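Predicted model, so just to flag it, every value in this text is computed and none were measured. Along the sequence shown, residues carry numbers from 1.
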Amino acid sequence: MTEEATTAPATADGATGSVGLRRAITGPMLFAFILGDVLGAGIYALMGVLSQDVGGMLWAPLIVALLLALLTAGSYAELVTKYPRAGGAAVFAERAFHNRTV
């Protein structure tokens with residue numbers, strides 16, 4: 001192994017050392033994420049219960065949801081080509097309403 005491969009990565013100012021990350025996720029934010037994940041998983045548990053009641057038509061609302069998700073994805077794909085900046089929906093809303101809310 002070469003000497004360069006064993007040294008620590010360089011930082012933005014060229015100095016070598018450990019690169020730290022800023023802690024951006026707080027405790028309440030993590031709790032909200034986990035709660036949303038658990039509640040979202042409940043949708044999959046309900047699929048079995050609903051299939052007993054509606055039988056073979058369970059796929060219909062899933063197809064509608066897929067079509068709506070494809071429309072959203074297509075919109076994002078078009079907007080990303082028009083405004084190629086990091087930030088996603090925040091950048092698009094800023095450009096649409098000419099108001100920087102951050």
For residues 65-75, which side-chain donor-acceptor pairs fall under 3.5 Å, sequence neighbours excluded?
residue: Thr72; atom: OG1; partner: Leu68; partner atom: O; Å: 3.1
residue: Ser75; atom: OG; partner: Leu71; partner atom: O; Å: 3.0

Testing the basics here: between Met47 and Leu62, what is the closest heavy-atom pair and its distance to 0.1 Å? CE-CD1, 3.5 Å
Distance check, rounded to the nearest 0.5 Å: Ile34 atom CD1 versus Leu39 atom CG? 12.0 Å
Set of ring pair (Phe, Tyr, Trp, His ring centres under 6.0 Å) partners for Phe33, sequence neighbours left out: none
Between CG of Leu35 and CG of Leu30, what distance do you get to the nearest 0.5 Å? 11.0 Å
Hydrophobic cluster identity match, Met57 and Ile63, side-chain contacts under 4.5 Å: yes
